[in-house]
Number of protein chains: 2
Amino acid sequence: MPVTMRDVARHAGVSVKTVSNVVNDFPHVSPSTRERVLASISVLGYRMNFSARNLSLGRTGMITLAVPELRLPYFSELSDEVIVAAAERGYTVLVERTGGVRERELEALTSDRRRMTDGLIFSPLGLRPSDAHRLEVDYPLVLLGERALHGSVHHVAMGNVAGARAVAEHLLERGRRRIAVVGSYDTRGAGAGSLRTQGFTRALADAGIEHDPRRTGEALEWTRTTGAEAMRRVLDRGVGVDAVYGLNDVLALGAMRVLYERGLRVPEDVAVAGFDDIEEGGFSCPSLTTVQPGRPEIARTAVWLLVDRIARGAPAGPGGRELVVAPELVVRESTGGVGEPA
Amino acid sequence: MPVTMRDVARHAGVSVKTVSNVVNDFPHVSPSTRERVLASISVLGYRMNFSARNLSLGRTGMITLAVPELRLPYFSELSDEVIVAAAERGYTVLVERTGGVRERELEALTSDRRRMTDGLIFSPLGLRPSDAHRLEVDYPLVLLGERALHGSVHHVAMGNVAGARAVAEHLLERGRRRIAVVGSYDTRGAGAGSLRTQGFTRALADAGIEHDPRRTGEALEWTRTTGAEAMRRVLDRGVGVDAVYGLNDVLALGAMRVLYERGLRVPEDVAVAGFDDIEEGGFSCPSLTTVQPGRPEIARTAVWLLVDRIARGAPAGPGGRELVVAPELVVRESTGGVGEPA
DNA sequence: TTGTAGGCGTTATCAC
DNA sequence: GTGATAACGCCTACAA
């Protein structure tokens, strides 16, 4: 039998409204009354019923964060940061796992469960360009990590092309010319994979170098395992490789593992660079050169935009802003940088 | 203006209750009526209001998972598994971040926000033995990862002592005698740190070897950074080390990084072993020998116990069960094992 | 400053 | 099978 406001009111000899005023820190309550109510609350062990409050208020104080998988370091670090940023704004985060699968991503966008929260921060992976119209939803939504698929949706992007270009230029500067790319799959869409590949190949082209497709190791999922497999395929083609660019850090680390198994030295024989700047890369042996995409800022910005939309009661509309966070190259041992761990 | 059941009922020419019956898949609804209602739902774009449903039902279909930090691989992998297991049972997971700080952990136990969900899976870190009585809560609760602090609370433990013993015996078998321990801090309590230390030192004692405290590197937090720092302190004492036991994998990986920096070969000069079997350890160079504590089983069991308690409406009471999951030693390159990645 | 009435959208009860 | 009606616990008027 849960204790309700009514019980507290009775116990304190006041009305329900007064109890409500006290627990919600409303200004106009006499100190003595407040005191009495707080005492009753403590005695009876009253706890607010959120379902009732949510129903009445029409909002829940929760937001959803939909990511592919929590076990991928980039997303676990991102989730951590989103949770902290949301807490600062008084919101609780419901983490939804889409697996990066299109069907589940569409479901995250429309399911009943979605309605349990006031808004959604969404990091899509499997969505196709033709799904763009699905993003025209009637609730507050902020997209993460990919180029805006639709103009009316708030969107926090990272500088994929610029970051990839920085990696390419860095490797070229180190004298590498036979650079393998691990992770490429879709090179046309607006996804991270495509953008990070484009930025890279364009930089090579600018330097008068054409990327040899035999040095591309494709990986549908971006994990250590698929990175390792892709690296093996490239090496087995026997085309010669003096550097590896992993489209994200776990791919690069998987590739580095294969180089280690094959007795190739990093960076002497093969330089390695990744993308994302996950903590792990600062401690690998050798430590991993990578691109810090501004993840903390992305998380914070996304939460602010979303909370702002929620507060203004402005679900969607034409006010979609695209914010691009600037990336930063982090040079470490795997390309001949110094060995200071992050 | 959201569409309600009332709207659907009006549109379909039926009562609200009938709509409710349809959306909840109640058996006794005539096919034609069902058809009509579903059509109206689709036309009007009706979506269930969860706040109202939760208020009426008295439950939310959500559970809370309280962990120190999502960015620690053990907890991100655990969270992933809990989310999947909960989904199988029809529950959504709210991940709460305690930072491993006692105050925040107590808060997770009692805050109003806690009441937004039907139960709590709690992985404490900063709680003291004297806080045991705080675990006598009036809602479904399952403890994770530590020895039961209180008898009436369901508790899923890992075999910390057995796992640590297995590591010690393995290192001894490999001929190592001057083994450093990285991470020890509290060696008396019932926490993971203490149990993993005890199991280890006892195994040494059984072999007639006394652990030299100068080979202990303390670390309050268990991260790569603190592991590296602890390792440096031990090495700087100049006592000589031919093996390192990290109380968890990130500590061990941080330590391994320092060995790399100092030019010590693993495992030739120094063998390294950890605890937790995070994915990363299968891809480090060299790959990391560790203990798989049965994390997937822990996650699944915890969810089942909790959901069971919720379903039975049995908040606490004397039915606290302690389940201990058996650990398994995973031998890899860092102690001279084969190099097959996980 | 405090009390009262009504509604938030759903589910449960019990007639029909 | 289906339909009124009363909770569920809280909040926002408005009244006192």
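To find a chain, count down the sequence lines: A is the first, B the second, and so on, and within it residues start at 1.
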Trainee: Output all residues satisfying side-chain contact (heavy atoms from CB on, under 4.5 Å) with A/Ser15, sequence neighbours left out; order by chain, then residue number.
Mentor: A/Lys17, A/Thr18
Trainee: To the nearest Å, give me how far apart CG (B/Leu57) and C1' (D/dA7) are.
Mentor: 13 Å
Trainee: Hey, does the side chain of B/Glu77 reach the backbone of B/Glu279 with a donor-acceptor pair shorter than 3.5 angstrom?
Mentor: yes
Trainee: So how far is it from A/Glu96 CD to A/Met116 CE, rounded to the nearest 0.5 Å?
Mentor: 8.0 Å
Trainee: What pairs with B/Val324 under side-chain contact (heavy atoms from CB on, under 4.5 Å), at least two apart in sequence or on another chain?
Mentor: B/Ala157, B/Glu322
Trainee: Which residue pairs pass the side chain to side chain donor-acceptor pair (under 3.5 Å) test when at least one of the two sits in residues 100-109 of chain B, sequence neighbours left out?
Mentor: B/Arg102-B/Asp131
Trainee: Which angle, rounded to 10°, do you find between the first-five-pair axis and the last-five-pair axis of the helix from C/dT1-D/dA16 to C/dC16-D/dG1?
Mentor: 30°
Trainee: Please figure out whether B/Val29 or A/Ser56 has its closest DNA chain D nucleotide nearer the 5' end.
Mentor: B/Val29
Trainee: Mind checking side-chain contact (heavy atoms from CB on, under 4.5 Å) for B/Ala86 and listing every partner two or more places apart, or none if nothing turns up?
Mentor: B/Ile63, B/Tyr91, B/Val93, B/Val303
Trainee: Using the test side-chain contact (heavy atoms from CB on, under 4.5 Å), find all partners of B/Val29 that sit at least two apart in sequence or belong to another chain.
Mentor: B/Asn21, B/Val22, B/Thr33, B/Arg34
Trainee: Nearest whole Å is fine: how far is D/dG3 P from B/Met5 CE?
Mentor: 14 Å
Trainee: Going by heavy atoms in the side chains, are B/Arg47 and B/Val3 under 4.5 Å from each other?
Mentor: no
Trainee: The criterion is salt bridge (charged side-chain N to carboxylate O under 4.0 Å, His left out); which residues satisfy it with A/Arg134, sequence neighbours excluded?
Mentor: none
Trainee: Applying side chain to side chain donor-acceptor pair (under 3.5 Å), name anything that partners A/Arg59, two or more places apart in sequence or on another chain.
Mentor: none
Trainee: Going 5' to 3' along DNA chain C, which are the first and last nucleotides with any atom under 4.0 Å from a heavy atom of chain B?
Mentor: C/dG9 to C/dT13
Trainee: Check DNA chain C against residues 13-22 of chain B and give the residues with a non-hydrogen atom under 4.0 Å, in numerical order.
Mentor: B/Val16, B/Lys17, B/Ser20
Trainee: Can you list every side chain to side chain donor-acceptor pair (under 3.5 Å) pair that touches residues 78-88 of chain B, not counting sequence neighbours?
Mentor: A/Arg97-B/Asp80, B/Glu81-B/Arg295, B/Glu88-B/Arg300
Trainee: How long is the straight-line distance from OG1 of B/Thr92 back to CZ of A/Arg114, given to the nearest 0.5 Å?
Mentor: 12.5 Å
Trainee: Below the 4.0 Å mark, does D/dT2 have OP1 or OP2 next to a side-chain nitrogen or oxygen of B/Thr33?
Mentor: yes
Trainee: Tell me, which of residues 34-55 of chain B have any heavy atom that sits under 4.0 Å from an atom in DNA chain D?
Mentor: B/Leu55
Trainee: Salt bridge or not for A/Arg10 and A/Asp7, using N-O below 4.0 Å?
Mentor: yes
